[in-house]
Amino acid sequence: MRTPFHEWKPLLIPLLLTLHTSAWASQPFQEGLVTITLDDGWATQFTHARPALNARGIKATYGLITRALEQGWGGYMTTAQALTLVTEGNGIASHTLTHPDLTTLSPQDLSSELQDSQAWLMSTLNLPSVPDLIVPYGRYDATVLAAVKQHYASSRTVNAGRNFRDTVVYELYGNDVARGVPVGLVREWIDRAIAEKSWLVLVFHEFVDGTPTRDTEYRTSDFAAILDHIQTRGVRTVTLAQGLALTDGRTEPDPSTGTTVYEDGLTNGFADWSWADHALDEAGTVHAGSSAIRFEPDGWSGLLFHHSGVDLSRYSAIELWVHGGTQGGQQIRVVLHDGTDYLGTMRVDTAPGGPIIAGVWHKVTLSLDEMGATSGTLRDLYFQDDTGGDQPVMYLDDIVLVPR
Ligand SMILES: [Zn+2]
């Protein structure tokens, strides 16, 4: 769950716009776009969110867990209510049969979760097609992506960020509006989408009239205030499918721009297998965007980002931004592993851009040539304590595999 926004600093925004425009694939749309997505099919989406949306003429996209409807799970909307949403012109996406972590499934179960949920929605809700998936928990890897591509034309994640015309449609960014996200921050996101002509996809779950008690709950009056801001600014709202139709439909990342491992969350199929004390949603000390990685390197512990397989021969280096926290001087080792053997290793703090300094962000470049890691399949990328001792908290952000 994400509640990383309490220390967000509005003054950073103009700087971040510049950084992101240069660093990201970012072909603007003709105008800013906003999509409301509602995940899981909670009953309060129908009883609380739908009236607020209908009162303003805004269509949304509902990501439905099909067994919840089929079997009448408590707290979820009914099939009749879902049919009403369709009749009223809203979008429907599949959110799988049972909402599992798709990265943990057998090939048969993975296929069933994707295919059978889609088939059920088409037949039960009388839809000619259901081309869009919303990924449960935002959890996916290359195996999941490959399966998704067999059945769907797009999938939406909960990787925070904004979409552009050339964003990969199988990794659409979605900003999770969890309990701790203030209305003012969402207004800023909307204003930024208008200014840069990007596509902001907002993610909501449950709605309550009183004080939210779960991270997935949001106050209905705050939701209405967000919709009011959308109306006041006159920004165009689209369903997921309508927004996708305005993109270039890019299905693979551009190899010339490198492969991002971490931006405001892990991306491009990297999964968090870290065993160190860490957080991927650090909001107080951030290089760019909304989040960074907080890492306390103690007792040989490490960050571990797992992937189903990256061909290292395409890349020349790993670039990342590091911040030494309040003390600096951390001794950290990067390790590249293919699941069986080591592909290469070097110290981060002695690489170009090191040492790791207190109080500032600086860019470190880890050369794959210097590590001797010019070929092979990267499956495990470690950043590990190299002392065995007790080192102070540090931060990492914007980790990218740089193409050859
Ligand atoms: Zn969900």
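Order of appearance sets the numbers: ligands from 1, and atoms from 1 within every ligand.
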#### Entry: Close side-chain approach of Asp39 to Arg156, heavy-atom, < 4.5 Å
yes
### Summary
Protein-derived N, O or S atoms lying less than 2.8 Å from the Zn ion (ligand 1), waters not counted, sum to 3
### Message
Could you check, using the six-membered ring where one of them is a Trp, whether Trp42 and Tyr76 have ring centers closer than 6.0 angstrom?
### Response
yes
#### Entry: Derivation and outcome, ring pair (Phe, Tyr, Trp, His ring centres under 6.0 Å), residues Phe305 and Tyr262
CA-CA 9 Å; Phe305 304 134; Tyr262 180 95; 7.3 Å; no
### Message
Using the ring centroid of each side chain, check whether Phe383 and Phe295 are separated by less than 6.0 Å.
### Response
no
### Query
Are more than 12 heavy atoms from other residues, nucleotides or ligands located less than 6.0 Å from atom CH2 of Trp275?
yes
#### Entry: Arg294/Asp281 ion pair, N-O < 4.0 Å
no
